[in-house]
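The structure appears below as structure tokens.
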Amino acid sequence: MSDLKASIAEREQLLGQLRDVLIDRMRLRREPDEIDADAPLFGAGFALDSLDAVELVVCLDTMFGISIPDNAMLRQYMRSLNTLADLVIAHRREHGARG
Amino acid sequence: MALADEVMAVRTSVTVADGEHLAAVRVSGRDAHELLDRVSPRQLFVRSGQMLHTLFLDDAAKPIADVYVCCDEDDYLVIAEGLDGQALAAYLRSQRDGLDVQLDDRASTHAFVCVDGPYAWELIAEVTSPDVIGVPYLSFFHDARFTCFRAGKAGEYGYDLLVPREHLSSVRERLLDAGQAFDVQVASRDALDTCALEAGFFNVRHEVRDGLTPVELQLQWRVTAGRAHPGHETLARRRGAVVQRVAMIAAPSALPTDGVLELGGVRVGRILHTRWSYVRDEQIALALLDVGVSYAGLRGFHCGETPVRTISAPTVNNRSLYVDPQRHSWARRASVSFPALTRPIT
């Protein structure tokens, strides 16, 4: 059960950080609790654009030390806050680091 | 054709399907915009030729229709899933007090044909014009024989054609004839519903229960806070006091709809909509979970004896993300190395 609590805490903290990025850096005019973790970031969802994608890449690097090597990886994980969080969590497991 | 083959056709080539689950009502008159702005939880900011993806809610904020509002010069076309044409017109009629609006249910005169897949754009270009390649997501155009809406809920390129019934069989035949060059397959609603669940699209026909609102259903992106619309008071109350929320789950074997989910022997939720994912080769489902455990990436849940874990949506890595109509084509697909249809990390 402690693993479960730790996983929840880690995901919750990450989602909070990512919501702050959307609100502060991308000027998304939403309250944090209105930004659902599985909602689409691009297209019909929060309508982020290619400039926002670049900003997200920079944030992943500066906040979590993740560099995105190619476009394919970018497209795979820039779908929702949860897919971004998956990427950060996997990176931490691999590198043993805390963002 | 087997369901697995239909799903893989949606994911890798192109499919044609009947769209009888969709209803269309044309809204005209001086106050058409005001009526739709009144009923849409999402601010109605849409230019001619564009579509807004929104919802219609009842007074308890329960979604009753998954809606595209399409601005067509001075009129609007409302495309809805979850209500038939008569019910859609009746809902709009019930909201039009004091407004100058005319409603025209298209069910008796028109029907939908749905074209989906990573090469759907190529088939639509073949039967219309190469210009279709530049048509952005959530926009539409009129062809001589139909109106083509760039939408779809499979997560792939998707086009919903609103066809006058007198042209329906000829349009369908034309799509299937031209589609032979792209290995076109006929897809069932079951196949497209499976793809929509994999892609994390809301399914109003399978995922709504009494008491659920956009807050629990992770559909708040389709609501603009602070607006008056049917159900807005319930929504405002619910926002600060959410106790359950949907999450995607996965399991190695079949799960029952409405099956109970337990964590450490304690009931924590139930399954709303479940299907076998042929892409992931496991069962996936949308589940309603206690908010304290409605996070992706958790293990330890059970439905009966079946182990269950939560996963992120969308659950697939759609090929359409990598197919660029400016550079790719069905004929040269073998020369392109596409990523797998699932993400390495889920």
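Sequence lines set the chain letters: A, B, ... in the order given, protein chains first and strands last, and positions in each chain run from 1. These numbers were taken from a predicted model, which means no experiment stands behind them.
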For the pair A:Arg79 (side chain) and B:Ala313 (backbone), establish whether a donor and an acceptor sit closer than 3.5 Å, ignoring hydrogens and angles. no
Heavy-atom pairs under 4.5 Å with chain A - which of B:Val316, B:Leu298, B:Leu52, B:Val215 has more of them than the others? B:Leu298
Give the minimum heavy-atom separation between A:Arg30 and B:Trp221, together with the two atoms involved. NH2-O, 3.2 Å
For chain A, find which of B:Pro314, B:Gly240, B:Ser294 contributes the most heavy-atom pairs closer than 4.5 angstrom. B:Pro314
Would B:Asn318 and A:Arg75 count as having a side-chain donor-acceptor pair, cut-off 3.5 Å? no
Tell me, for B:Tyr137 versus chain A, whether the close heavy atoms (under 4.5 Å) come from the side chain, the backbone, both or neither. side chain
If one checks every heavy atom of A:Arg29 against chain B at 4.5 Å, the contacting part turns out to be neither
Look at the side chain of B:Gln220 and the backbone N and O of A:Asp33, then say whether any donor-acceptor pair between them is shorter than 3.5 Å. yes
In terms of heavy-atom proximity below 4.5 Å to chain A, should B:Leu138 be classed as side chain, backbone, both, or neither? side chain
Could you look at B:Val223 and say if it's the side chain, the backbone, both or neither that has a heavy atom under 4.5 Å from chain A? backbone
Taking every non-hydrogen atom, the tightest pair across B:Ala225 and A:Glu34: CB-OE1, 3.8 Å
Closest-packed option against chain B by number of heavy-atom pairs under 4.5 Å, given A:Asn82, A:Asp38, A:Asn71: A:Asp38
Side-chain heavy atoms of B:Leu263 within contact of A:Leu4, under 4.5 Å: yes
Could you tell me which portion of A:Glu31 (side chain, backbone, both or neither) has an atom closer than 4.5 angstrom to a non-hydrogen atom of chain B? neither
Residue, of A:Ala72, A:Ser7, A:Ala47, that accumulates the most heavy atom pairs under 4.5 Å with chain B: A:Ala72
Evaluate the side-chain proximity of A:Leu84 to B:Ser312: yes if any heavy-atom separation is below 4.5 Å, no if none is. no
Could you check if a side-chain atom of A:Glu10 sits within less than 4.5 angstrom of a side-chain atom of B:Tyr295, using non-hydrogen atoms only? no
Flag side-chain contact, heavy atom, 4.5 Å: A:Pro40 against B:His53: no
Heavy-atom pairs under 4.5 Å with chain B are the metric here; pick the option from A:Ala37, A:Ala44, A:Ala39, A:Gly43 that has the most. A:Ala44
With rounding to the nearest 0.5 angstrom, report the OG1 to CD1 distance, A:Thr83 to B:Ile311. 12.0 Å
Find the one option among B:Leu219, B:Leu321, B:Val293 whose heavy-atom pairs under 4.5 Å with chain A are most numerous. B:Leu321
For B:Ala296 and A:Arg11, which heavy atoms make the closest approach, and how far apart are they? O-NE, 3.1 Å
Engaged part of A:Leu15 at the chain B interface, taking heavy atoms whose separation is under 4.5 Å: side chain
